[in-house]
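In what follows, chains carry the letters A, B, and so on, assigned in the order in which the sequence lines appear, proteins first and then strands, with residues in each chain numbered from 1.
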Amino acid sequence: MIDPETARLRLNRVFRDIFEDESLEIADSMTAADVEGWDSLTHIDLIVEVEREFGIKLSTAEVRGLKNVGGFLALIVQKAR
Amino acid sequence: MPFTSAAFLGFLGLVAILYALVPRSWRCAVVLAASYTYYWFSSGWFILLLLGATLLAFFAARAKSALLTSVALLIAVLVFFKALPLAGTNWLFPLGVSYFTFKLAGYLIDSHWGEFEPERRLLPFLAYSSFFPQIVGGPIERAQSFLPQIGRADRVAPSTAVAASLRIALGFFKKFVIADRLGEVVNFIYAHLTAQPGAPVLLGFYGYPLQMYADFSGLTDIAIGAGALLGIKGPENFNAPFSAASPSEYWRRWHMTLTLWLTDYVFTPLRMATRSLGNVGLVLSLLVNMVLIGLWHGFYWTFVLFGVVHAIYLSADALTHKARRRWYKAQPAADRITDWVGPVVTFHLIAVAFVFFRADSVATAGAFFGHLFDGIGALSPEFLGIIGEPGNFFARLAAAYLIMEAADAVRRRYWSQPVAAAVPRWARWSLYSCATLTVLLMVCLLLTSNQESSPFLYAIF
């Protein structure tokens with residue numbers, strides 16, 4: 001079981017790496033529109049990095065169903081059990 | 001009944017009045033009846049194909065079975081009609097088959113992914129796939145956006161009706177004043193490539209993207225405006241595409257609903273499946289996605305090359321993105337220069353790809369590039385017959401283009417919240433009068449002009 005707060009910190013680090021922005025702070029309501037450079041291409045880079053970081057596998061349907069960072073975090077915590 | 005005919009405006013006006021007069025519970029039926037009437041007059045018995053495809057998607061989604069088989073069937077229908085010209089047959093083409101099959105296939109894939117509960121009522125769903133403002137050339141609206149709107153069947157506020165009428169008028173302006181005029185020039189240039197040109201081929205290079213933009217965004221303006229008169233706020237298809245500073249940004253601004261459709265249902269699944277391959281997977285996914293965008297327009301090698309050229313642009317863009325970003329961070333001056341140079345370079349890249357799109361064969365595209373700098377000095381009398389006095393032609397074209405861009409900028413600013421609602425009553429009534437006069441003028445011009453507008457470029461796909 002992964003602690004949600006630890007997961008959040010680790011996810012934040014992944015976001016900073018992928019979008020190369022050391023000041024980036026993730027929030028539950030955040031979507032692709034809020035982050036510069038978050039498009040359909042970098043989205044998959046993000047997925048790959050999250051899978052590596054948390055040792056999980058995500059499906060296309062799961063990735064498609066994501067609505068915001070909060071939902072993404074919840075999915076990670078659930079999968080990383 | 002093309003959109004730029006007086007008959008269409010009369011039909012639309014009648015349907016809009018009917019929509020406004022009947023009780024709310026009948027409005028969906030009005031929209032549906034109008035859509036099937038329009039389809040019947042445009043494509044005759046192909047109406048059964050539209051109906052059959054819609055019923056297939058509706059019941060497959062409800063039964064939650066054979067979803068992907070149904071998607072395959074819909075795509076097979078599309079492929080069949082796209083491949084017919086290759087067999088040299090002279091069959092008619094079902095209007096909007098590229099659009100309604102994509103709408104329905106998207107709906108089925110979303111159901112397969114469990115994105116929403118399938119629609120339970122048949123009438124709104126029939127109206128979704130056949131919605132006449134969107135059947136000729138999109139935009140490809142998603143069911144999740146359309147169905148709640150037709151379900152509510154909102155009354156159309158006067159301010160919305162005014163904004164919608166003005167938007168339709170803008171579409172007419174783009175089509176008649178810019179696209180058709182530029183089209184004559186571009187057609188002449190492409191038809192006289194190998195003979196002694198007597199026309200600057202370079203003008204065709206710059207003219208065609210502008211013609212295409214005025215034509216297709218004009219068609220979209222009429223489609224979205226007409227939809228708004230029936231209580232449907234359709235998705236935007238263009239967002240100042242030539243201001244894009246990179247090819248990937250261009251695709252987020254050009255034919256946006258098609259790009260989004262392919263991103264969701266082709267690129268993302270493909271990229272997910274190939275994500276372990278790293279950059280090879282990225283390039284492969286981009287190549288498949290862009291070639292499919294090309295083929296969606298028709299099964300010709302020129303469209304394949306159009307897709308390949310764009311895949312090369314997007315791959316180069318994606319693979320160098322991080323390195324460029326780091327470099328620009330260290331060079332703020334260069335970054336500022338690129339803000340200006342980026343759109344210019346991008347426009348030229350896009351224009352190169354458009355040569356393949358416009359040319360009727362790969363050989364024509366080759367000839368075009370071979371003669372790109374010909375004919376700048378000596379204009380033939382035939383060409384002068386088309387453009388008239390050159391200085392005058394360019395001045396009028398530039399003025400029309402500026403008016404279009406200015407009108408589009410105003411439209412982007414005020415479309416979602418029509419300005420009329422926020423201004424005092426006297427200003428509102430002035431606006432209403434101007435809009436009415438504009439529409440009346442448009443109808444008079446259409447009725448008195450004996451010059452037929454050429455068909456919309458995207459109405460054939």
Side-chain angles (χ1 to χ4, degrees), chain A residues 10-26 28-80, chain B residues 67-68 106 109-116 142 144 244 246-253 256 259-279 281-286 289-290 311 314-330:
Chain A
R10 282 164 70 185
L11 182 62
N12 206 132
R13 205 162 52 229
V14 171
F15 266 78
R16 287 181 179 185
D17 283 351
I18 293 291
F19 299 111
E20 299 191 327
D21 178 357
E22 278 310 308
S23 60
L24 204 157
E25 290 291 341
I26 59 170
D28 282 353
S29 60
M30 197 180 241
T31 66
D34 304 318
V35 180
E36 201 203 325
W38 190 354
D39 56 25
S40 54
L41 299 174
T42 47
H43 190 55
I44 309 295
D45 296 341
L46 185 67
I47 299 295
V48 171
E49 200 50 35
V50 162
E51 288 183 330
R52 205 188 51 77
E53 170 73 27
F54 294 93
I56 55 177
K57 275 272 167 236
L58 301 170
S59 72
T60 305
E62 283 168 339
V63 169
R64 275 277 304 152
L66 294 175
K67 299 286 175 255
N68 54 30
V69 170
F72 196 12
L73 193 63
L75 179 69
I76 292 169
V77 171
Q78 180 211 328
K79 296 278 277 195
Chain B
L67 289 171
L68 295 184
I109 299 172
D110 280 345
S111 303
H112 173 73
W113 281 337
E115 298 239 325
F116 51 71
R142 301 295 172 91
Q144 300 95 301
S246 69
S248 56
E249 190 187 346
Y250 166 79
W251 279 108
R252 288 195 293 274
R253 293 171 172 273
M256 290 146 70
T259 310
L260 276 177
W261 196 99
L262 277 136
T263 303
D264 281 352
Y265 304 121
V266 177
F267 179 77
T268 301
L270 207 57
R271 188 70 192 97
M272 282 295 285
T274 59
R275 65 192 188 279
S276 56
L277 301 178
N279 284 339
L282 171 69
V283 172
L284 197 71
S285 308
L286 283 171
N289 193 63
M290 298 320 288
L314 292 175
S315 302
D317 193 348
L319 294 176
T320 62
H321 180 74
K322 279 199 168 168
R324 278 183 295 132
R325 207 174 137 150
R326 263 175 238 141
W327 189 78
Y328 280 124
K329 247 184 188 166

| task | Could you grab the distance from atom CG of A:D39 to atom NE2 of B:H321, nearest 0.5 Å is fine? | result | 7.0 Å
| Using a heavy-atom distance cut-off of less than 4.5 Å, which residues of residues 46-54 of chain A contact chain B? | A:I47, A:V48, A:E51
| Relative to chain B, which segment of A:S59 carries a heavy atom at a distance below 4.5 Å: side chain, backbone, both, or neither? | backbone
Atom group of [X] that falls short of 4.5 Å from chain A, counting heavy atoms:
| X | value |
| --- | --- |
| B:L314 | neither |
| B:K322 | both |
| B:L286 | side chain |

| remark: Most heavy-atom pairs under 4.5 Å with chain A, out of B:K329, B:R326, B:R252, belong to B:R326
| query | Is a donor on one side and an acceptor on the other found under 3.5 Å between the side chain of A:R64 and the backbone of B:D110? | reply | no
Residue pair [X] / [Y]: nearest heavy atoms and the distance that separates them:
| X | Y | result |
| --- | --- | --- |
| A:S40 | B:F267 | O-CE2, 3.8 Å |
| A:T60 | B:M272 | OG1-CB, 3.6 Å |
| A:K57 | B:R275 | CD-NH2, 3.9 Å |

| query | Within a reach of under 6.0 Å around CD of A:E20, are more than 12 heavy atoms found that belong to other residues, nucleotides or ligands? | reply | yes
